[in-house]
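Remarks on the structure that follows.
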Amino acid sequence: MISDDQYLERLVAGIQSATSENADVRWNETLNGRQFDVVVRFQMGTLRYLVLIEVKNRKRPASVSDLEAFVVKAGDQRANKAVFVTAAGFQSGAVSVAQNHGIDLFTLTFDDEVTIPSAASLLTRQNPEAPADMKPEFSISDPELMACVTD
């Protein structure tokens, strides 16, 4: 069983993977001795981009010191974009730090009325562009991040 922290980090990685075409999305990667929750790499034309994402699953809003530490950590890697995701929001001073350093902020909330059985290990989503008569294929393999569930 994974922890709540790992669940949220993997969920963020899944969202990035499902919404970023041709991007290499990795969860829990170490770069130059520093751990990052989600790392996204992609290329546009001849340019390569690095996006670093910090995920905090706490009951209290992210603080100024949380953001300042991430500014340094992401800056040391020369990231093209830094993103901070939390389940509890941000203190006003943290928002100012993020704005000053070009960090995107997201708060991930859950709909408590939607429940997924704890024994579920497979979720599917219908591709709206797939032919109507196409049947889904299922197989058992090692876990692999395929998509995220939204709405």
Side-chain angles (χ1 to χ4, degrees), residues 1-58 61-63 66-90 94-116 120-132 134-151:
M1 191 69 157
I2 65 171
S3 70
D4 288 345
D5 293 340
Q6 289 175 333
Y7 177 79
L8 191 62
E9 291 167 7
R10 288 181 181 195
L11 185 61
V12 170
I15 291 168
Q16 290 304 309
S17 183
T19 59
S20 304
E21 278 190 45
N22 301 318
D24 177 24
V25 179
R26 297 183 186 215
W27 167 72
N28 193 26
E29 184 170 345
T30 301
L31 301 174
N32 301 317
R34 304 292 300 266
Q35 184 275 339
F36 291 90
D37 298 327
V38 181
V39 176
V40 181
R41 293 179 183 88
F42 65 95
Q43 186 168 337
M44 187 178 293
T46 59
L47 304 175
R48 292 183 183 163
Y49 294 89
L50 174 65
V51 180
L52 301 174
I53 304 173
E54 182 79 5
V55 181
K56 295 291 184 198
N57 188 19
R58 297 184 183 151
S63 67
D66 291 332
L67 266 292
E68 288 174 338
F70 184 55
V71 164
V72 171
K73 188 171 149 179
D76 287 348
Q77 305 306 314
R78 299 179 190 226
N80 299 97
K81 189 67 187 167
V83 179
F84 202 106
V85 179
T86 180
F90 300 88
V95 172
S96 296
V97 170
Q99 289 172 339
N100 290 339
H101 293 278
I103 296 177
D104 287 351
L105 302 178
F106 292 92
T107 301
L108 192 59
T109 57
F110 296 92
D111 185 343
D112 293 335
E113 295 186 20
V114 175
T115 59
I116 299 172
S121 61
L122 173 67
L123 297 173
T124 62
R125 134 184 118 105
Q126 180 67 37
N127 180 348
E129 298 174 12
M134 182 181 219
K135 301 288 183 210
E137 295 180 19
F138 300 97
S139 64
I140 298 174
S141 66
D142 290 332
E144 182 178 341
L145 182 61
M146 299 299 292
C148 71
V149 177
T150 59
D151 296 332

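Here Phe70 pairs with Phe84 under the ring-ring contact (aromatic ring centres under 6.0 Å, His included) rule; sequence neighbours left out.
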Checklist line | side-chain contact (heavy atoms from CB on, under 4.5 Å) assessment of Ile15 paired with Leu108 | finding: CA-CA 11 Å; Ile15 291 168; Leu108 192 59; 4.3 Å; yes
Next item on the list: Output, in order, the C-alpha distance, side-chain angles, deciding distance and verdict of side-chain contact (heavy atoms from CB on, under 4.5 Å) for Leu67 and Phe90.
Entry: CA-CA 9 Å; Leu67 266 292; Phe90 300 88; 4.1 Å; yes
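Nearest approach of Gln6 to Ile2, heavy atoms of both residues: OE1-CB, 3.3 Å. In terms of heavy atoms, Ala62 sits closest to Ala94 at O-CB, 3.5 Å.
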Under 3.5 Å, which donor-acceptor pairs do the side chains of residues 47-57 form with other protein atoms, sequence neighbours left out?
from	atom 1	to	atom 2	distance (Å)
Glu54	OE1	Lys73	NZ	3.4
Glu54	OE2	Lys56	NZ	3.1
Asn57	ND2	Asp4	O	3.2

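Remark: the backbone N or O of Ala13 is not paired with any side-chain donor or acceptor of Ser17 at under 3.5 angstrom.
For the 3.5 Å distance criterion, the side chains of Asn28 and Glu9 fail to qualify, holding no donor opposite an acceptor.
Between atom CD of residue Gln16 and atom CG of residue Leu11 there is a gap of 10.5 Å, rounded to the nearest 0.5 Å. One finds the CD1 atom of Ile103 at 8.0 Å from the NZ atom of Lys81 (value rounded to the nearest 0.5 Å). Here CG of Asp24 is found 12.0 Å from CZ of Phe42. Values are rounded to the nearest 0.5 Å.
At a threshold of 4.5 Å between non-hydrogen side-chain atoms, the residues Val97 and Val71 count as touching.
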